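The structure under discussion appears below in the form of structure tokens.
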Amino acid sequence: MLLAMPEKVQNALVENIQFPKRMGQPDEFASLCIHITQNVYINGETIRLDGGIRMPAR
């Protein structure tokens, strides 16, 4: 969804990402989904996959 935004907007968002300084990749999300479904010990946890980004106030 964010990759459809103008490059200027994407660059501004990347500046707020703590680590790594880039947008996430679909395969990273898919990898987490696979891990969640295969790990029987995960129970009701919220897992953030956002590089620590926080959307700034307008």
Side-chain angles (χ1 to χ4, degrees):
M1 181 174 77
L2 294 176
L3 295 177
M5 294 181 174
E7 188 172 344
K8 181 179 177 180
V9 174
Q10 289 183 39
N11 291 339
L13 289 172
V14 168
E15 289 299 316
N16 292 318
I17 296 174
Q18 294 177 9
F19 180 80
K21 286 281 190 193
R22 62 174 175 77
M23 293 287 194
Q25 301 296 317
D27 63 318
E28 293 166 326
F29 178 77
S31 176
L32 178 60
C33 292
I34 291 169
H35 178 75
I36 289 169
T37 58
Q38 291 179 342
N39 188 326
V40 298
Y41 207 64
I42 290 180
N43 54 1
E45 184 64 39
T46 300
I47 303 172
R48 295 185 59 136
L49 189 62
D50 61 6
I53 191 171
R54 301 296 176 266
M55 298 301 282
R58 289 175 156 218

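Below, all heavy atoms of this structure are taken into account, side chains as well, without hydrogens, waters or symmetry copies. These figures come from a predicted structure and were not determined experimentally.
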Considering non-hydrogen atoms only, spot the tightest contact between [X] and [Y] and give its length.
X   : Y   : result
M23 : V14 : CG-CG2, 4.1 Å
L49 : E28 : CD2-O, 3.9 Å
Q10 : M5  : NE2-O, 2.8 Å

Roughly how far apart are [X] [atom1] and [Y] [atom2], rounded to 0.5 Å?
X   : Y   : atom1 : atom2 : value
T37 : L32 : OG1   : CG    : 9.5 Å
N16 : D50 : CG    : CG    : 11.5 Å
I34 : F29 : CD1   : CZ    : 11.0 Å
K21 : N11 : NZ    : CG    : 11.5 Å

### Query
With sequence neighbours excluded, what pairs up with N39 under the side-chain contact (heavy atoms from CB on, under 4.5 Å) test?
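Expected list: H35, Y41, I42.
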
### Task
Could you note down all residue pairs passing salt bridge (Lys or Arg N to Asp or Glu O under 4.0 Å) where residues 35-46 supplies at least one of them, sequence neighbours left out?
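Sorted result for residues 35-46: empty, none.
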
### Crowding at CD, Q25 (>12 non-hydrogen neighbours, <6.0 Å)
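More than 12 heavy atoms, drawn from other residues, nucleotides or ligands, come within 6.0 Å of this atom.
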
